**Student:** 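To start, I am sharing the structure in question, which I have written as structure tokens.
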Amino acid sequence: MNVDPITIDTDVLVIGSGAAGMYAAIAAARGGAHVLLVDRSLIGRSGATVMAQMTVAAALGEEAPDDPANHYRDTIAAGRGLCEEKLAQLLCEDAPDCIRELDRWGVGWARKDGHITATAAPGHDRPRCVYVDFINTGPAVSKTLRTHIARNPAIRKIGDLCVVDLVVGDGEAVGAVGYHVGSGAPVVIAAKATVLATGGLTRLYRRNSASTNMGGDGYALALRAGGSLIDMEFVQFFPIGHLAPRLIGMDPIMWDPFRYKLGGRLLNGRMEEFTSAYGSDEDGRYVLTRDLATYAILKEVEAGRGSPHGGAWLSFQHCSEAALREAFGPVIDRLAANAIDLTRQPVEVAPIAHYHMGGVKADAAMATELPGLYAAGEVVGGASGANRLSGNALTEAFVFGRRAGKSAGERARRIASQRPRPQDATAALDLVRANGGRRERTNNTAAMIARLQAIMADDVGPLRTGAKLDRALGDIAALAAALGELPPGNSGAFNLERLDWFDLRNMLAVARTVAQSARNRTESRGAHQREDYPHPKPQWQRHQVAQWRARALQVSAESSSDAAAVMSQETKRVATLKIWRGSDRDAGHFDSYEVPFEPGQSVLDGLRWIRINKDPALAIRFSCINANACKECMIQLDGETIYACTARLESREMKLAPLPNKKLIRDLVTEIAPPSERFGPK
């Protein structure tokens, strides 16, 4: 049926209304632009933000000394050598200002002695993550941004609008075509600038922590419009997503703040702590990174040592009810309503799809390769590299959303008008108006989504092999063939079968991109774990870029030489290590060494570099290299006792000396063995 579309003109179109989209709309409007904020669900109430109960990373330095440079180092280290450094730098430098701006708008960050307080999180070198009350951060942020938008007459809002395709004219993004889910009416939007703020892709997986809107829509829209996707293989799985007993009305990743504050023991099905077998003796503390914790839990399950529902036990039975209530108050009552008493029972947890590090390729202005198209929040790829640092998700939403909105608004001011030509929107409009008729039961679109989620969970999950990925690619292709070229039924009100078809159109394209990128990367790095290639490879310290060209998906790696040049130019730093030398404390001296390093490298890395490149006679003590397990590498740094394997190199003079209260052997080595283990006369 050839129904005339509803046409809308705006300066800036923002697709998606989580924190990134709402912040983008605010930033564009305060630059003078008229903004249209659209969402396939309710404005400001769908997506990941409203479900994000946890914390936001920002180097405020109000409770303890901090600086964005410290946050940046931790972000780079977590990214396993693949962070787009300009994006990571922007993320860390702009985060404090966004947090303070939201504070002025009344978000209600938790305070201590009048200052915004911060808590520790895995991968951070100090407490840096702010919050509202540990389980209300996302809802509070969403409410604050919704309120701010409601007061701005320059921002128009339309919910229940499914965007089907971007419109490209003369090589530029000039708007979008969609349809109103509530009525089925086709809609054409003309925009001088468009911002994608549609979130990630975790809906592709059977168990996920986000909403049903997170099916990778923005990735598919950008891909079909001619944009590039980057690092699509890197899907982050949250290791302790709630598994059992059933939780009603609570976030499946709610256990994170419990572990932050109170510790929490991970136990296998035999009620044994097991993380020490995988690189970390947590001893009730939360120190194991997400990728390693995910690996450890899945390997215990694979070995037949899982909990009854196929995960691991998480126990807080070492905590009293008073301690639990002091930390989390009414949350304990909400758990009791779910028949959970943490003083008496552990809960079952298992990895759950949580975040996507890859996404649309964009520069520091959030501009994509397609003029007129910008990206914001989780839809942006590259900032987190191979593994996102805990707490950086909402930070990306705030910082990238604000920057994308500002950039889009600036473009809108430069352009007199931007209207799609009829021929540029024809294909998308034809698809929206199409009536594909009734489908056979075998093509039940809801069942097809469930089938795709099972394929991704089983074969493109946390632990991958070439055989699994080949099988996934074949199964995805079969589903795509079964989907057909036209949506089922007519464009009536709330035709969910039809909405599922458009969802599958996007989800299958994105799933294929993830699986193909994972198949190509023959190494393990960060969240991408290939059991048939279990180690990282230097030649794979480069990005993969996915593009849709000549009606075919192309996934190719950046030139290794280009990637190496970028890495060497952008990540190399120099530390001046001033090291005490000699075997007599009264007759020794300090030697200085200029040590090149990349962000995230440790003092021990620097000492080993000196032995290899400058002076093999330098005496140091270490065994485990970087796991902080052997405890042998204790020295003094600028007068404070540290572990060389965990202290980070910095671009400054760093004075290293042996422990002052131990017998000196030579250089940085002191006698730290217990008396019973020492050689010689007792």
Side-chain angles (χ1 to χ4, degrees), residues 12-16 20-21 24 38 84 86-87 163-178 189-201 204 214-234 356-384 396 400-401 403-405 407-408 411-412 415 418 420 424-425 427-428 431 502 505-514 516-517 520 543-558:
V12 175
L13 167 64
V14 179
I15 305 172
V38 305
E84 284 286 332
K86 290 180 180 178
L87 296 182
V163 174
V164 169
D165 274 317
L166 299 177
V167 180
V168 179
D170 293 328
E172 297 188 0
V174 295
V177 170
I189 303 167
K192 299 175 183 177
T194 299
V195 177
L196 291 175
T198 51
L201 52 65
L204 293 179
M214 306 283 282
D217 288 350
Y219 307 143
L221 290 172
L223 195 64
R224 287 196 295 268
S228 297
L229 307 182
I230 188 172
D231 294 342
M232 292 296 287
E233 63 268 41
F234 295 110
H356 186 224
M357 278 70 71
V360 179
K361 189 175 183 180
D363 62 20
M366 300 296 112
T368 72
E369 296 172 327
L370 181 65
L373 182 64
Y374 299 83
E378 190 176 350
V379 80
V380 178
S384 295
E396 286 189 1
F400 295 166
R403 181 59 62 93
S407 298
R411 173 182 168 84
I415 296 176
Q418 191 89 308
D424 296 330
L431 195 60
F502 282 107
R505 178 178 179 241
N506 288 341
M507 293 171 73
L508 286 164
V510 175
R512 181 183 171 192
T513 308
V514 174
Q516 187 61 61
S517 299
N520 290 0
H543 304 288
Q544 290 192 92
V545 178
Q547 298 173 316
W548 188 255
R549 298 289 185 266
R551 299 179 60 85
L553 177 68
Q554 299 177 3
V555 179
S556 57
E558 286 184 340

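Residue numbers run from 1 in the order of the sequence given. Note that the structure is a prediction, hence the values are computed from the model and not measured.
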**Student:** State, to 0.1 Å, how close Gly200 and Met214 come at their nearest heavy-atom pair, and which atoms those are.
**Tutor:** N-CE, 3.1 Å

**Student:** My understanding is that only one of Val163, Thr368, Leu221, Leu13 makes a side chain to side chain contact (heavy atoms under 4.5 Å, CB included) with Leu196; could you say which?
**Tutor:**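 The residue from Val163, Thr368, Leu221, Leu13 that satisfies side chain to side chain contact (heavy atoms under 4.5 Å, CB included) with Leu196 turns out to be Leu221.
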
**Student:** Going by salt bridge (Lys or Arg N to Asp or Glu O under 4.0 Å), name the residues that satisfy it together with Asp165, two or more places apart in sequence or in a different chain.
**Tutor:** Arg224, Arg505

**Student:** Can you name the residues that form a side chain to side chain contact (heavy atoms under 4.5 Å, CB included) with Ala365, not counting sequence neighbours?
**Tutor:** Asp363, Ser407

**Student:** Do Val195 and Met366 have side-chain heavy atoms sitting under 4.5 Å apart?
**Tutor:** no

**Student:** Could you tell me which residues satisfy salt bridge (Lys or Arg N to Asp or Glu O under 4.0 Å) with Glu172, sequence neighbours excluded, listed by chain and number?
**Tutor:** Arg411

**Student:** Which heavy atom of Val12 sits nearest a heavy atom of Ala412, and at what distance?
**Tutor:**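 For Val12 versus Ala412, the nearest heavy atoms are CG2-CB, 4.1 Å.
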
**Student:** List for me each residue that meets salt bridge (Lys or Arg N to Asp or Glu O under 4.0 Å) alongside Glu396, sequence neighbours excluded, and say none if there are none.
**Tutor:** none

**Student:** Mind checking the CG-CG spacing from Asn506 to Leu201? Nearest 0.5 Å is all I need.
**Tutor:**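 If we round to the nearest 0.5 Å, Asn506:CG and Leu201:CG are 11.5 Å apart.
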
**Student:** For Ala173, which residues count as a side chain to side chain contact (heavy atoms under 4.5 Å, CB included) partner, sequence neighbours excluded?
**Tutor:**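 With neighbours one apart ignored, the set is Leu370, Leu373.
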
**Student:** Is the closest side-chain heavy-atom distance between Val177 and Leu431 below 4.5 Å?
**Tutor:** no

**Student:** Are Phe400 and Val379 side-chain neighbours, meaning at least one heavy-atom pair lies under 4.5 Å?
**Tutor:** no

**Student:** So which heavy atom on Gly171 is nearest to which on Pro371, and how close?
**Tutor:** O-CD, 3.4 Å

**Student:** So, using ring-ring contact (aromatic ring centres under 6.0 Å, His included) as the criterion, who are the partners of Tyr219 when residues are at least two apart?
**Tutor:**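 Partners of Tyr219 under the ring-ring contact (aromatic ring centres under 6.0 Å, His included) test: His356.
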
**Student:** Measure the CZ-CG distance between Arg512 and Leu553 for me, rounded to the nearest 0.5 Å.
**Tutor:**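 Nearest 0.5 Å value for the CZ-CG distance: 5.0 Å.
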
**Student:** Met507 and Gly215: which non-hydrogen atoms are nearest, and at how many Å?
**Tutor:**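 Here Met507 and Gly215 meet closest at CG-O, 3.5 Å.
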
**Student:** As a quick check of understanding, evaluate side chain to side chain contact (heavy atoms under 4.5 Å, CB included) for His543 and Ile230, giving each step before the final call.
**Tutor:** CA-CA 7 Å; His543 304 288; Ile230 188 172; 3.6 Å; yes

**Student:** Applying side chain to side chain contact (heavy atoms under 4.5 Å, CB included), name anything that partners Ala509, two or more places apart in sequence or on another chain.
**Tutor:** none

**Student:** Kindly indicate whether the side chain of Leu229, heavy atoms from C-beta on, has any atom under 4.5 Å from the side chain of Val360.
**Tutor:**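 When only atoms from C-beta onward are counted, Val360 and Leu229 do touch, with a gap below 4.5 Å.
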
**Student:** Tell me every residue that passes side chain to side chain contact (heavy atoms under 4.5 Å, CB included) with Val545, counting only those two or more places apart in sequence or in another chain.
**Tutor:**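 Checked Val545 against side chain to side chain contact (heavy atoms under 4.5 Å, CB included); matches are Ser228, Lys361, Gln547, Glu558.
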
**Student:** Drop me the distance from Ile15's CD1 to Ile189's CD1, to the nearest 0.5 angstrom.
**Tutor:**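 It comes to 7.0 Å.
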
**Student:** Quick check: do Thr194 and Tyr374 have side-chain heavy atoms less than 4.5 Å from each other?
**Tutor:**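 A side-chain contact under 4.5 Å is absent here.
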
**Student:** Give me the atom names and distance for the closest heavy-atom approach of Leu87 to Ala383.
**Tutor:**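 Looking at all heavy atoms of both residues, the closest pair is CB-CB, 3.8 Å.
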
**Student:** Tell me the closest heavy-atom pair linking Ala546 and Leu223, and the distance in Å.
**Tutor:** O-CD1, 3.8 Å

